[in-house]
Amino acid sequence: MELNERFQVLLPGSNVAFKASASDTLLASAQRAGVVLTSSCRNGTCRACIARLGEGRVMYRIEWPGLSADEKAAGYFLPCVAYPASDLVVRSFGAD
Ligand code: FES
């Protein structure tokens, strides 16, 4: 995967989509596109930004973002520290 590769991110329940660079966090790419996502710490610990993927893959550069193995397996991710590895469809925001 190239760092300048760009992916499409589709948000839930709307027609909102934005382009995300493989070299930027999803939160940063959303901000750049004018899409406001909930966030607080921006370092993967507070979980304010937690969301769940419907489709696609993300990657992390930190060893263990504030997610359990079960949450990761269920598709939860933290946009403030997650980088896109494919086109993404976000299923929901929040931890439900
Ligand atoms: S903003 Fe705190 S974990 Fe993402």
Side-chain angles (χ1 to χ4, degrees):
M1 180 175 60
E2 304 212 7
L3 283 181
N4 61 0
E5 197 166 355
R6 289 170 70 80
F7 300 106
Q8 174 155 296
V9 182
L10 182 62
L11 300 183
S14 70
N15 294 323
V16 177
F18 63 92
K19 291 285 186 186
S21 167
S23 61
D24 291 324
T25 66
L26 287 159
L27 184 65
S29 289
Q31 267 185 325
R32 188 172 303 115
V35 177
V36 177
L37 302 182
T38 300
S39 67
S40 183
C41 73
R42 298 175 179 235
N43 65 18
T45 55
C46 78
R47 297 166 54 96
C49 64
I50 194 168
R52 192 173 188 183
L53 281 176
E55 294 174 32
R57 291 176 298 111
V58 297
M59 296 172 45
Y60 296 96
R61 293 181 183 171
I62 59 176
E63 192 63 30
W64 194 250
L67 294 169
S68 70
D70 285 349
E71 287 171 326
K72 278 180 149 183
Y76 288 101
F77 70 106
L78 297 174
C80 69
V81 287
Y83 297 80
S86 70
D87 288 340
L88 303 174
V89 177
V90 179
R91 178 166 145 180
S92 59
F93 287 99
D96 4 311

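Just so you know, these numbers come straight off a predicted model, no measurement behind them. Note that ligands are numbered from 1 as they come in the structure, with each ligand's atoms numbered from 1 the same way. We use all heavy atoms of the structure for the numbers below, so side chains are in, but hydrogens, waters and symmetry mates are not.
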S.K.: Counting from 1, what ligand 1 atoms have a heavy atom of Cys46 closer than 4.0 Å?
M.R.: 1 (S), 2 (Fe), 3 (S)
S.K.: What part of Val81, side chain from CB on, backbone N/CA/C/O, both or neither, has a heavy atom under 4.0 Å from ligand 1?
M.R.: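 No part of Val81 is near ligand 1 at this cut-off.
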S.K.: Knowing that exactly one of Thr45, Leu78, Val81 qualifies, which makes a side chain to side chain contact (heavy atoms under 4.5 Å, CB included) with Ile62?
M.R.: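 Only one of Thr45, Leu78, Val81 forms a side chain to side chain contact (heavy atoms under 4.5 Å, CB included) with Ile62, namely Val81.
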S.K.: Under a 4.0 angstrom heavy-atom cut-off, which atoms of ligand 1 come close to Gly44?
M.R.: 3 (S)
S.K.: State the CG-CG distance between Leu10 and Asn15, to the nearest 0.5 angstrom.
M.R.: 7.5 Å
S.K.: Taking the cut-offs as 6.0 angstrom to the six-membered ring centre and 45 degrees off its axis, would you call Arg61 and Tyr83 a cation-pi pair?
M.R.: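 Output yes; distance and angle both within limits.
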S.K.: Using the rule that two of Ile, Leu, Val, Met, Phe, Trp, Tyr join whenever any of their side-chain heavy atoms come within less than 4.5 Å, decide whether Leu53 and Phe7 are in one cluster.
M.R.: no
S.K.: Report, in ascending order of atom number, the atoms of ligand 1 lying under 4.0 Å from any heavy atom of Arg42.
M.R.: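 Listed by number with element, the hits are 1 (S), 2 (Fe).
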S.K.: Would you say Arg57 has more than 12 foreign heavy atoms packed within less than 6.0 Å of its CZ?
M.R.: no
S.K.: Looking only at protein heavy atoms, identify the closest one to atom 3 (S) of ligand 1 and say how far it is in Å.
M.R.: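 Ranked first by proximity to atom 3 (S) of ligand 1 is Arg47 N, 3.1 Å.
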S.K.: As an exercise, identify every atom of ligand 1 less than 4.0 angstrom from a heavy atom of Thr45.
M.R.: 3 (S)
S.K.: Heavy-atom contacts with Cys41 under 4.0 Å: which atoms of ligand 1 show up? List them by number with element.
M.R.: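 Going through ligand 1 atom by atom, the ones under 4.0 Å from Cys41 are 1 (S), 2 (Fe), 3 (S).
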S.K.: Please report the shortest heavy-atom distance between Tyr76 and Ala95, naming the atom on each side.
M.R.: OH-O, 3.6 Å
S.K.: Would you call Gly66 a ligand 1 contact, heavy-atom distance under 4.0 Å?
M.R.: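 Gly66 does not count as a contact of ligand 1 under the 4.0 Å cut-off.
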